[in-house]
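Data block below; observations after.
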Amino acid sequence: MLVGITPTFNYFDLAQAHFILNPEYRHDVDTIVEEFLGYKLTPIPKGQTDLFGQQSDQELKTLGEKAEAILKLQPILQSKLKEVDVERPYVELDIPLIKVLAAMELEGVYLNVAFYKELEIEFTKQIEEIEAEVLKVSGDKINLRSPKQVGELLFEKLQLPVIRKTKTGYSTDAEVLSELVAMKLSPIPEFLLKYREIEKLLSTYVKALPLMVNPKTHKIHTHFQPSNAATGRLSSDNPNLQNIPVRTENGRKLRRGFIPSPGRVLLSADYSQVELRLLAHFSQDKNMLDAFKHDRDIHKQTAAEIFDVPLDQVTKEMRNSAKAINFGLMYGQTSFGLSQALHISQGEAKKYITNYFHKFSSVKSYLDSLKESAEQSGYAITLFGRKRFLPDIKSTNRQVKAMAERVAINSPIQGTAADIIKLAMINIQRKLKEENLQSKMILQVHDELIFDVVPDELDQMKRLVREQMEGAVSLTTVLKVEISSGNNWYDLK
DNA sequence: CCCAGCACGC
DNA sequence: GACGTACGTGCTGGGT
């Protein structure tokens, strides 16, 4: 499509078929040929991948061999899809999504480069100020980007207490630094936290993104990878537009640089609590279904249940604890993990979890059933029949088995959410064409879609997008979508 | 060139 | 006694 070739027939996609068959593997032609045909392709020499340049006879032969292999593989993989009973996600989701993703990539998104240049100056100044402050206190000049040198400064020179070690030395991550800040033994840890925040923003986003603007289109064209995440999610790279900061105010500012086409506006639509709603649907837990039915604050509702207080007596701390439990549920979190997240004792965390499962007993039995079914069948499966094979679920190594059990819990939930938004994207793209709309879908961030919208179409777009996202599937719980529009990504909140 | 450590998102 | 929450991408430093 990027070179002007648009397939209009029902095409076969080798990588995607292989991804559906076994999402954890690599999906390049060479690997698949070895796996299914049992021989090795002649390697294509570096720098000879330009299909439209001059080719020597040897190069043509090598390329021909590859094309022949793909042709041979098609019927083999297609019957395998049938045999493994995974045709549905292939035919209904992943194949129709390919053209949608190509259109989104080609469309791209505008970046306000001048704004990023200003941010670069501002952040660079801050970095230099922090470097000067640290130098003032510590005496010698070190590279603050080096965890090794930072560790030596904190734990040898300054003799601060070692909180945790890594494989290679002292741990200096944000959690460690925060603990050191709380001890008030030195001003340095606080400086380091600030330094890390700003340096991350500078190196990964502020300096990097302007370099990714295409000189012809003046837009950023991310690549959506449809076969990189084992749960069926998409990933985004070159650049990754699925991890643009939002948590800190400094970081969130970067979203002001993502702007609509001239004369247009951005529109975002995100699924509210989609994974917890899926958990409610799958488990059929009365308490949870009821909370969503009345569109209550799910974390507050959970807190009221586990702390056994009326809704209006739920404190911020109680809600926060409940939120951590809800979050951890879907990942198979342990009492240790929860205790770390909430800064409480492991015994206390264990009580929270026990109490949760007492009140939400169907959730407990559902999560147990996921483990049992994975052990029995050998795979985890989504609502649309996407499978993820889990051989480790039978491991005698407890740690390995425990990891597989967490995957057995998480994959059906995360994967079903991915299936649902894929279906919504396919349907939205079809509707945009049917209704002859000029607005474009440009980004997907797992539970959120972003559109570049013609102002005259705004009301129609809001209605269409909500309808397609909320109506993608019919569940015991309703799916809820939150919509907003604005003149840049920051304002979509 | 690769790995470790770290940090950003959902 | 160790382990300890899913899925990703990408930066820098440091050793080979």
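Bear in mind the structure is a predicted one, so any value in this text is a computation, not a measurement. Numbers restart at 1 for each chain; the letters A, B, ... are given by sequence-line order, proteins then strands. What you see below is based on every heavy atom in this structure, not just the backbone, and it leaves out hydrogens, waters and symmetry mates.
- In this structure, the separation between CG on L93(A) and CD1 on I421(A) is 12.0 Å, given to the nearest 0.5 Å.
- Nucleotide dC6(B) holds its P atom 13 Å from the NZ atom of K165(A), rounded to whole Å.
- At the heavy-atom level, A417(A) lies nowhere under 4.0 Å from the strands shown.
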Kindly indicate, with the supporting measurements, whether the criterion side chain to side chain contact (heavy atoms under 4.5 Å, CB included) is fulfilled by H281(A) and T476(A).
CA-CA 5 Å; H281(A) 167 78; T476(A) 316; 3.1 Å; yes
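- Atom CZ of F327(A) is separated from atom C1' of dG9(B) by 11 Å (rounded to the nearest Å).
- The phosphate of dG5(B) (OP1 or OP2) has a side-chain N or O of T166(A) nearer than 4.0 angstrom.
- Q444(A) and Q242(A) share a donor-acceptor pair across their side chains, judged by distance under 3.5 Å alone.
- Counting only N and O atoms by type, the side chains of N143(A) and Q149(A) include no donor and acceptor under 3.5 Å apart.
- Residue contacts for S335(A): at a heavy-atom cut-off of 4.0 Å it reaches no nucleic acid atom on any strand shown.
- Looking at L479(A) and M469(A), their side chains never come closer than 4.5 Å, going by heavy atoms from C-beta outward.
- In this structure, K194(A) atom NZ and dC6(B) atom C1' are separated by 18 Å, rounded to whole Å.
- Counting any heavy atom pair closer than 4.0 Å across all strands shown, G337(A) reaches a base atom.
- No donor-acceptor contact under 3.5 angstrom links the side chains of T222(A) and E105(A), judged on distance only.
- At the phosphate of dC10(B), neither OP1 nor OP2 sits under 4.0 Å from any side-chain N or O atom of R233(A).
- When rounded to the nearest whole Å, the span between CZ of R406(A) and P of dC3(C) equals 13 Å.
- Along DNA chain C, the nucleotide nearest to M403(A) and the one nearest to Q399(A) differ in position, and the one closer to the 5' end is contacted by Q399(A).
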Under a 4.0 Å heavy-atom criterion, the protein footprint on nucleotides 9-16 of chain C, written with B, S and -, is BBSSSSS-
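- Residue contacts for T172(A): at a heavy-atom cut-off of 4.0 Å it reaches the sugar-phosphate backbone alone, with no base atom in range.
- Checking D237(A) against N240(A) by side-chain atom types alone, no donor-acceptor pair falls below 3.5 Å.
- Using a 4.0 Å heavy-atom cutoff across all strands shown, I244(A) reaches sugar-phosphate atoms only and no base atom.
- In this entry the distance linking CG of N410(A) with C1' of dC10(B) reads 11 Å, nearest Å.
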Could you provide the dot-bracket string of DNA chain C, using ( ) for intrastrand pairs, [ ] for crossing pairs and | for bases paired to another strand, with Watson-Crick or G-U pairs below 3.5 Å?
......|||||||||.
Assess whether side chain to side chain contact (heavy atoms under 4.5 Å, CB included) is satisfied between I298(A) and Q273(A), documenting all intermediate values.
CA-CA 9 Å; I298(A) 185 65; Q273(A) 305 290 359; 3.9 Å; yes
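- You'll find the ring centres of F307(A) and Y352(A) inside the 6.0 Å limit.
- Regarding contacts with the backbone of dC7(C), every side-chain N or O of S411(A) stays at 4.0 angstrom or more from both OP1 and OP2.
- A close approach under 4.0 Å does occur between a side-chain nitrogen or oxygen of T168(A) and OP1 or OP2 of dG5(B).
- Regarding I413(A), its CD1 atom lies at a distance of 12 Å from the C1' atom of dT5(C), rounded to whole Å.
- Listed pair R398(A) / dC3(C) fails the phosphate criterion, with no side-chain N or O lying under 4.0 Å from OP1 or OP2.
- In this structure, R256(A) is positioned above the aromatic face of Y490(A), its NZ or CZ under 6.0 Å from the six-membered ring centre and within 45° of the axis.
- Computed from coordinates, the H446(A) NE2 to dG9(B) P distance equals 12 Å when rounded to whole Å.
- The nearest whole Å value for the distance from the CG atom in L241(A) to the P atom in dG9(B) is 14 Å.
- Nucleic acid contact class of E24(A) (heavy atoms, under 4.0 Å, all strands): none.
- If you check every strand for non-hydrogen atoms under 4.0 Å, R388(A) touches sugar and phosphate atoms only.
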